[in-house]
Amino acid sequence: MTVIPRVLAAVAILASVLPFAAATETCQPHEFLYENKSCCVPKGSPPSPPPPPSGKSCPSSNSANWYWSDDKACCLPSSAPPPGNPEPSCPKGHSWNPFDSFCSPPPESNCNDGEWWFDDKKCCLPYGGIPSPPPPPRGSQCPPSGWYWHPEKSCCVPHTPPSAPPQCTFGWEWIFPIFSCQPLPTPPSTPPSKPSGVHYKKRTHKARNNQLCPTGLSACPVTGLTNNVTSDYECIDTQQELESCGGCSSVGAGQDCTAIPGAWNVGCAAGSCAVYNCMAGFRLSLDGKSCIAL
Ligand SMILES: *[C@@H]1O[C@H](CO)[C@@H](O)[C@H](O)[C@H]1NC(C)=O
Ligand SMILES: *[C@@H]1O[C@H](CO)[C@@H](O)[C@H](O)[C@H]1NC(C)=O
């Protein structure tokens, strides 16, 4: 039976490598053991924790649940994990690193210097676009302001990360699946002679507004640091988006599921937050939408 000694040896090596491994028995009453970082963590969260460094994020926008610790260089929960130490939820597109204890963006978003990640087309694009882009093929147009034809992708792409939805010229509409402007079925150059032309215009306008985002997505204003909430939008699926569940959080609608006090793993299903489990010291409410402090 050589297996057991080998396991013990492995544990001994691990213990000598991990500086906090001996902490198991020695956490103070006001602390709990955070196993994945093998350290004792004070219960509760500091009054004003620093923001996570760029490229890292914590599972909750509510620092009463999770906060960044410069000291440990990771995200720490304010209370012990639920039984089984499951993964916490990360912000949209980010994934949890169990041993590093922070959320990081998807690996494909690492573009070269001077490039940015265009998630809609899953590619890196040069800031400012390419030097002299070819014109779009006949029958297609790109939105005149800030977009150009990308020959390899065979679609229109923006010069810089889009701050506004694509706006085609009059008589053309944005067709999301092919990422270009296509002529409207009824050309506006032949308006009906009766005043119903007004209705046509109105309808076009409405169609244009609905076209801000592809079907099923909502155009949520982006609250910039300096910009007013007027022209910048992002397209969000408020039926599934964790931080804008059921409505655009930037305009105070919907709910930020990650901010539910005591929540550990949460989801947004059909526009409503679902809490899957709660931190130690909380229990799941009967309707499964919140955590109740014990
Ligand atoms: C802790 O580590 C285990 C093993 O990798 C992982 O399955 C679990 O999700 C982790 N939990 C946390 C909170 O990081
Ligand atoms: C935002 O809009 C308000 C009123 O619409 C205006 O008073 C304010 O100056 C604007 N702020 C900026 C930063 O443009």
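Keep in mind that this is a model prediction, so the values were computed, not measured. When a ligand or atom number is given, it counts from 1 through the structure's own listing order. Nothing fancy with the numbering, it's 1 onward along the sequence. Any value given below was found using the heavy atoms of this structure, including those in side chains, with hydrogens, waters and symmetry copies removed.
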Would atom 7 (O) of ligand 1 count as contacted, meaning some protein heavy atom under 4.0 Å? no
Could you tell me the residue and atom name of the protein heavy atom closest to atom 10 (C) of ligand 1, and the distance to it rounded to 0.1 Å? Asn36 ND2, 2.4 Å
Over-ring placement of Lys121 relative to Phe179, 6.0 Å and 45° cut-offs: yes
Quick one: which ligand 1 atoms are inside 4.0 Å of a heavy atom on Trp264? 13 (C)
Atoms of ligand 1, numbered as shown, that sit under 4.0 Å from any heavy atom of Glu87: 9 (O)
Tell me whether Thr238 contacts the main-chain N or O of Ser244 through its side chain, where contact means a donor paired with an acceptor under 3.5 Å. no
Please state whether Ser101 comes within less than 4.0 angstrom of ligand 1, counting heavy atoms only. no
Nearest protein heavy-atom contact for atom 13 (C) of ligand 1: which residue, which atom, what distance? Asn85 OD1, 3.1 Å
Less than 4.5 Å apart, side chain to side chain, heavy atoms only: is that true for Tyr148 and Val157? yes
Taking Cys27 and Cys40, which are both Cys, do their SG atoms fall under 2.5 Å of each other? yes
Side-chain donor or acceptor of Ser60 paired with backbone N/O of Asn62 under 3.5 Å: yes
Would you call Phe102 a ligand 1 contact, heavy-atom distance under 4.0 Å? no
For the CG atom on Leu286, are there more than 12 heavy atoms of other groups (residues, nucleotides or ligands in this structure) within a distance under 6.0 Å? no
Taking only non-hydrogen atoms of Phe99 and a 4.0 Å limit, the atoms of ligand 1 in range are 4 (C), 5 (O)
Give the residue, atom name and distance (to 0.1 Å) of the protein heavy atom nearest atom 14 (O) of ligand 1. Trp96 NE1, 2.7 Å
Parallel, tilted or perpendicular: ring planes of Tyr127 versus Trp116, cut at 30 and 60 degrees: tilted
Using heavy atoms and a threshold below 4.0 Å, how should the contact between Pro86 and ligand 1 be classified: side chain, backbone, both, or neither? backbone
